[in-house]
Amino acid sequence: MADPMSALTEAFTTFLFGKVETTRLPVRTSTGQAQAVYLPTAAPGLGDSGVVIGREVYSGKGYIYDPFQLYGQQLPAPHWLVLGESGNGKSALEKTYVLRQLRFRDRQVVVLDAQGEDGVGEWNLIAEELGITPIRLDPMAALDGGIRLNPLDPSITTTGQLALLRTIIEVAMGHGLDERSGFALKVAHAYVNETIVDRQPVLTDIVEQLRHPEAESAEAMNVDIDDVRAWGLDVALVLDRLVDGDLRGMFDGPTTAGIDLDAPLIVFDLSHIDRNSIAMPILMAIVGVWLEHTWIRPDRKKRIFLVEEAWHIINSPFVAQLFQRLLKFGRRLGLSFVAVVHHLSDVVDGAAAREAAAILKMASTRTIYAQKADEARATGRVLGLPRWAVEIIPTLSPGIAVWDVNGNVQVVKHLITEAERPLVYTDRAMTEDALAVQMAAEAEAEERAAAAVEAAEADAYGGPSYGSTVA
């Protein structure tokens with residue numbers, strides 16, 4: 001109930017001055033004028049120095065990213081993880097990123113190209129455009145004078161050679177070497193390096209020494225020569241696969257002369273290797289360690305090491321350990337490691353979960369393209385993404401991704417120039433795009449036809465049919 005005194009005062013004021021309206025009348029305006037009242041806000045960007053990726057979806061601002069510019073200020077490590085299902089734009093992002101980085105004179109890029117079509121890797125078009133011949137690792141071609149990489153190349157340190165030999169054997173065997181097998185390998189490797197001085201030692205020399213160890217190798221440990229031979233037998237059988245098995249020709253000879261390690265782009269074409277075979281992680285290990293000792297140098301250049309199908313690395317404990325060391329060295333030598341993976345569950349639930357976690361932790365930049373809802377939730381838990389980002393990942397259109405740069409999370413649309421388009425998309429991808437456009441057009445035509453039928457029925461019966469709508 002109103003206060004009697006207030007009611008009396010209001011009645012007296014109304015009698016003297018009339019009714020006073022204090023309610024503000026509504027104002028009609030356009031959104032173009034009203035937007036000045038509520039100024040737009042957007043998350044801070046990553047600066048204006050580096051490579052243009054595209055634009056931030058919500059603010060429309062240009063999105064610029066460069067791990068070398070951000071390292072030490074906004075990034076604790078320059079390494080980058082790219083996730084997402086096929087067909088959503090991972091490949092296009094990688095290729096345009098590399099092309100744009102190569103415009104800087106102090107950049108060098110190595111790509112392990114594990115995918116391909118028509119007999120060549122998918123990076124073949126870009127290599128041709130830049131006048132570069134990919135290093136195609138193919139067992140059949142190697143037998144006819146193709147590319148060879150020697151795990152015992154003198155440019156690799158003795159310690160690096162032995163670590164690489166152990167990794168090859170452990171990957172192939174699926175378990176670590178025991179002490180006795182490791183000892184047999186060590187003495188065989190030491191003997192080969194000490195006695196062969198007129199040429200590059202090769203794997204055949206190691207296999208031969210394992211089969212027929214020298215007496216002094218046994219005497220050094222006060223064991224019987226037959227025991228040393230028995231300890232090295234399994235090791236010899238594994239290495240024999242690289243010498244006389246399905247991988248022969250690629251690693252059982254001196255390193256091919258003429259490989260230009262000073263080229264701005266080096267592409268290792270692994271597309272002729274079965275991606276699901278044990279050969280792929282072995283190849284990854286050999287190429288990774290070979291590059292560590294021959295390509296990465298303290299010459300102030302910024303290097304990018306991009307690995308397609310990187311789950312072959314992260315999912316193998318022995319290869320992952322080698323790459324962990326490579327990534328740690330890369331911080332002081334200017335190396336950015338880019339790992340491309342379809343599903344995070346491929347690695348976090350695999351045999352190398354601990355090693356995978358360590359590598360993922362080193363990747364301060366994470367780019368996530370569209371994934372199914374369950375996979376997106378799992379990815380969000382592992383990477384610590386905010387809830388809103390996890391919820392939109394399943395709804396992302398091709399070319400749009402969630403970028404998490406050391407906690408700075410934004411939604412970014414990747415932009416491709418007309419000059420880059422023919423180099424970025426393969427023929428098969430272009431065909432699939434054309435088919436998708438055609439199917440969309442056909443679906444739209446069917447919807448229009450159905451609408452026309454419903455309209456005709458409505459006219460015939462004097463009103464809309466049950467379940468139909470009228471525009």
Self-check item: Given Glu94, Glu128, Glu308, the one that forms side-chain hydrogen bond (donor to acceptor under 3.5 Å, both in side chains) with Trp123
Solution: Glu308
Self-check item: Inter-residue atom distance Leu327.CG - Ile359.CD1, 0.5 Å rounding
Solution: 6.5 Å
Quiz prompt | Shortest non-hydrogen contact between Val409 and Ala389, atoms and distance | solution = CG1-CB, 4.2 Å
Exercise. Please name the pair of heavy atoms, one in Ala172 and one in Ile282, separated by the smallest distance, quoted to 0.1 Å.
Key: CB-CD1, 4.2 Å
Quiz item: Parallel, tilted or perpendicular: which describes the rings of Phe337 and Phe323, with under 30° parallel and over 60° perpendicular?
Solution: tilted
Quiz item: Are Ile400 and Val57 side-chain neighbours, meaning at least one heavy-atom pair lies under 4.5 Å?
Solution: yes
Quiz item: Are side-chain heavy atoms of Ile368 and Leu383 found at a separation under 4.5 Å?
Solution: yes
Quiz item: Roughly how far, to the nearest 0.5 Å, is OH of Tyr71 from NZ of Lys302?
Solution: 11.5 Å
Quiz item: Run the side-chain contact (heavy atoms from CB on, under 4.5 Å) check on Leu165 and Leu203 step by step: do they pass?
Solution: CA-CA 9 Å; Leu165 290 173; Leu203 287 180; 3.6 Å; yes
Quiz item: What closest approach, in Å, do Ala77 and Met362 show between heavy atoms, and which atom pair accounts for it?
Solution: CB-O, 3.2 Å
Exercise. Would you confirm whether Ser364, through its side chain, and Asn406, through its main-chain N or O, come within 3.5 Å as a donor-acceptor pair?
Key: no
Quiz item: Are Lys372 and Glu85 within salt-bridge range, i.e. N to O under 4.0 Å?
Solution: yes
Quiz prompt | Thr367 side chain to Trp80 side chain, donor-acceptor N/O pair below 3.5 angstrom | solution = yes
Quiz item: Quick one: does Phe268's side chain get under 4.5 Å of Leu291's, heavy atoms only?
Solution: yes
Quiz item: Is a salt bridge present between Arg107 and Asp66, judged by a nitrogen-to-oxygen distance below 4.0 Å?
Solution: yes
Quiz prompt | Side chains of Glu292 and Leu335 in contact at under 4.5 Å (non-hydrogen atoms) | solution = no
Quiz prompt | Trp388 side chain reached by Val411 side chain, heavy atoms, under 4.5 Å | solution = yes
Quiz item: Distance-only, no hydrogens or angles: does the Arg366 side chain make a donor-acceptor pair with backbone N or O of Leu385 under 3.5 Å?
Solution: no
Quiz item: Do Glu129 and Leu125 have side-chain heavy atoms sitting under 4.5 Å apart?
Solution: no
Self-check item: Ile259 vs Leu149 side-chain heavy atoms within contact, under 4.5 Å
Solution: yes
Quiz item: What are the two closest heavy atoms between Val405 and Leu70, and how far apart are they?
Solution: CG1-CD1, 4.2 Å
Quiz item: Judged by atom type as modelled, is there a donor-acceptor pair below 3.5 Å linking the side chain of Arg136 to the main-chain atoms of Ser271?
Solution: no
Practice problem: Would you check, one step at a time, whether the test side-chain contact (heavy atoms from CB on, under 4.5 Å) holds for Phe104 with Phe68? | Solution: CA-CA 12 Å; Phe104 296 95; Phe68 305 111; over 6 Å; no
Practice problem: State the CG-CG distance between Leu83 and Leu344, to the nearest 0.5 angstrom. | Solution: 5.5 Å
Self-check item: Neighbour count above 12 (heavy atom, 6.0 Å) for Asp48 CG
Solution: no
Quiz item: Can you name the closest pair of heavy atoms from Leu93 and Thr96 and give their distance?
Solution: O-OG1, 3.1 Å
Exercise. Answer whether the closest heavy-atom distance between the side chains of Leu46 and Gln74 falls below 4.5 Å.
Key: yes
Quiz prompt | CA sep, side-chain torsions, deciding dist, call: Val82, Val338, side-chain contact (heavy atoms from CB on, under 4.5 Å) | solution = CA-CA 7 Å; Val82 183; Val338 183; 4.3 Å; yes
Quiz item: What's the spacing between Leu137 CG and Phe251 CZ if we round to 0.5 Å?
Solution: 5.5 Å
Self-check item: Side-chain ion pair, Asp262 and Lys301, N-O less than 4.0 Å
Solution: no
Quiz item: Once you round to the nearest 0.5 Å, how far does CD1 of Ile53 lie from CZ of Arg55?
Solution: 14.5 Å
Quiz item: Do Gln161 side-chain atoms and Pro151 backbone N/O form a donor-acceptor pair below 3.5 Å?
Solution: no
Quiz item: Do side-chain atoms of Glu170 reach the backbone of Leu177 as a donor and acceptor pair under 3.5 angstrom?
Solution: yes
Quiz item: Roughly how far apart are Lys95 NZ and Leu306 CG, rounded to 0.5 Å?
Solution: 10.5 Å
Exercise. State, to 0.1 Å, how close Asp269 and Pro134 come at their nearest heavy-atom pair, and which atoms those are.
Key: CB-CB, 4.4 Å
Quiz item: Can you check side-chain contact (heavy atoms from CB on, under 4.5 Å) on Ile126 and Val111, steps first, answer last?
Solution: CA-CA 11 Å; Ile126 290 178; Val111 176; over 6 Å; no
Self-check item: Under 3.5 Å donor-acceptor, Thr256 side chain and Arg148 backbone
Solution: yes
Self-check item: salt bridge (Lys or Arg N to Asp or Glu O under 4.0 Å) between Arg100 and Glu420, intermediate numbers included
Solution: CA-CA 10 Å; Arg100 295 167 190 178; Glu420 294 169 333; 2.8 Å; yes
